[in-house]
> 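Mind having a look at this structure? Questions to follow.
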Amino acid sequence: MSKTPSRPALPTRLLGQLQSRQPFLWLNPGLGDALPETGIGLAEVDAAQARLARCAGLLGSLFPELAVSRGAIESALLRTANLQRAMSSVAACDGVWFVKADHALPVAGSIKARGGFHEVLALAESIALREGLIGADDDRLPLASAEARALFARYKVAVGSTGNLGMSIGLMAAALGFRAEVHMSSDAREWKKTRLRRHGVTVVEHDGDYAAAVAAGREQALADPHGYFVDDEHSPLLFAGYAVAARGLAAQLAAAGRIVDADHPLFVYLPCGVGGAPGGITFGLKALFGDHVHCFFAEPVASPCMLVQLAAGCEQPVSVYDVGLDNRTEADGLAVGQASPLVSPLMAAQLSGVFTVSDQQLYISLFRLAQSEGIALEPSAAAGVPGPNWLTASAAGHDYLGRHGLERVLHNATHVIWTTGGSLVPRQELQRFQAEGLRLCAKRPQSEYFP
Ligand SMILES: *Cc1c(COP(=O)(O)O)cnc(C)c1O
């Protein structure tokens, strides 16, 4: 996409760290700045929460997997003491580790469920309202009627994706009767394409990277008078849907007896691709907990798009290609060269920092998680696992803790590692991931891979 003609002005030392492809923790100097005016606020998050709530009956009727939760799209918050014991580089005096299990979100199998479902539901509602099929305050169950399906069949819903967003949008759109079209980059996994096709979704493959798939999808959808394009790089509806997750987490923390305040900090570690999902969640958490929550993104060493955008400190788009990286990683869900221009200005003021992860760390992390907790993930979804160690056992982490006066209260901390995808991955693929993790663990001591 839009590559800048000249190299961005990143400090030489940072450029060197990026180009070495060695994992490191970068602290965001803009944390705490005033939020820019983007048109996204809490009103949009409230609206998304209300929409998902009034569509719960509809969701429960469309998907048997959602019947148990009565249509709520929620994942468990798991206390992961065994993982903490297996991974933590310091004796357990640095707080308590949890996993937020979005890898197991029903139907979509990833963190993309909330945002993706929300945007398709918003489209379906607006068409049905316009056609008089429902009233503003009615229950949304009629959106599953034969009449609604016939109406939606006139529309095409398209999206560009490395895989998981396509799954979320494609499955929801097809379930409602829309013509669904998913544009995939060449790094998208074969099984994701197969699963979508089995559910009646049209999959269009593109040679280039994620941005190329998005651009092609956007162009084709806009050429269709009944086309609707879900724009992962610019969508406020996706963002607001993702942000709703923050309220679910807050309720789960309270239920687990975890306080969040000045003496009980909350640290959240989120894998980042284009930035929509982790950005929405960060935005939602900051609104609830302010300075008491500290959000860190995890990005592959080859694809740290949010890191370079924030470090460049400008509005002009900067990509990982601009700093000499190739965006090639086993973390297909995070293989994004350029951060969302909607989300990055918000994160410039709200994000604590970004740590990068090597592919080897991803495999070791998913192996450790499976061994210690029986949780199976795809590589992208394990990117947050090194987070607590970066904070508590690296020089940059200590710098952060010191600057914010947190060393004194670290023993009260809650660490939430957001696991973002994997429950739909075929067993054979999962076994291949585990074998790779085992191979790497056997080869070298863990200390060589983690701070
Ligand atoms: C998409 C995705 C992410 C990150 O979400 P973005 O909105 O692209 O930043 C993280 N993990 C997995 C498994 C994903 O599919």
Side-chain angles (χ1 to χ4, degrees), residues 48-80 98-122 124-125 138-145 148-149 164-178 180 191-192 195-196 198-201 238 240-258 277 280-281 284 369-370 373-378 381 416-427 430:
Q49 189 169 19
R51 176 171 288 119
L52 290 172
R54 68 176 171 260
C55 290
L58 169 69
L59 289 170
S61 85
L62 288 174
F63 300 103
E65 306 98 297
L66 286 173
V68 276
S69 67
R70 297 215 215 111
I73 307 158
E74 193 49 282
S75 69
L77 178 69
L78 307 169
R79 170 83 175 89
T80 46
F98 288 84
V99 156
K100 176 61 178 161
D102 271 9
H103 65 277
L105 276 180
V107 184
S110 84
I111 193 169
K112 300 297 194 310
R114 295 185 198 84
F117 291 2
H118 176 249
E119 179 147 3
V120 177
L121 291 170
E125 276 189 335
D138 295 351
D139 188 86
R140 279 9 187 180
L141 211 50
L143 297 185
S145 66
R149 293 186 69 81
N164 287 339
L165 183 65
M167 200 75 83
S168 171
I169 298 289
L171 296 181
M172 178 57 65
L176 286 166
F178 287 106
W191 68 266
K192 292 185 183 173
R195 189 163 198 274
L196 283 169
R198 222 175 41 230
H199 283 82
V201 177
L238 280 179
Y242 291 135
V244 171
R247 293 160 183 199
L249 176 65
Q252 290 173 324
L253 287 170
R258 301 304 300 178
I281 292 169
L369 206 47
E373 304 283 351
I375 294 172
L377 300 177
E378 58 186 275
V416 175
I417 296 164
W418 214 287
T419 55
T420 50
S423 59
L424 298 182
V425 178
R427 188 174 345 175
L430 290 176

> Would you compute the distance between atom NE2 of H118 and atom CG of L238 and round it to the nearest 0.5 angstrom?
9.5 Å
> Would you compute the distance between atom CZ of R258 and atom CD of Q252 and round it to the nearest 0.5 angstrom?
14.5 Å
> Would you say S423's side chain and H103's backbone share a donor-acceptor pair under 3.5 angstrom?
yes
> Please test L105 against K112 for side chain to side chain contact (heavy atoms under 4.5 Å, CB included), starting from the C-alpha separation and ending with a verdict.
CA-CA 9 Å; L105 276 180; K112 300 297 194 310; over 6 Å; no
> Please find the pair of heavy atoms, one from P142 and one from S145, that lie closest to each other, and give the distance.
O-OG, 2.7 Å
> Give, for atom CG of L78 and atom CD1 of I417, the distance between the pair rounded to the nearest 0.5 Å.
11.0 Å
> Who passes ring pair (Phe, Tyr, Trp, His ring centres under 6.0 Å) against F178, sequence neighbours left out?
F152
> Using the side-chain hydrogen bond (donor to acceptor under 3.5 Å, both in side chains) criterion, which residues pair with T80? Sequence neighbours excluded.
none
> Between G241 and A48, which heavy-atom pair has the shortest distance, and what is it?
N-CB, 4.0 Å
> So which heavy atom on Y242 is nearest to which on I281, and how close?
O-CG1, 3.5 Å
> I need the minimum non-hydrogen distance between W191 and L424, along with the two atoms involved.
CZ3-O, 3.4 Å
> Which atom names give the shortest non-hydrogen contact between G170 and V201, and what distance separates them?
O-CG2, 3.5 Å
> Nearest 0.5 Å please: distance from the CG atom of D102 over to the CZ atom of R114.
4.0 Å
> Sequence neighbours excluded, which residues qualify as side-chain hydrogen bond (donor to acceptor under 3.5 Å, both in side chains) partners of E125?
R51, R54, R140
> Mind checking the CG-SG spacing from L62 to C55? Nearest 0.5 Å is all I need.
9.5 Å
> Within this structure, what is the CG-CG distance for the pair L59 and L143, rounded to the nearest 0.5 Å?
10.0 Å
> Are K100 and E74 ion-paired here, with the side-chain N under 4.0 Å from a carboxylate O?
yes
> For R195 versus H199, what's the shortest heavy-atom pair and its separation?
O-ND1, 3.0 Å
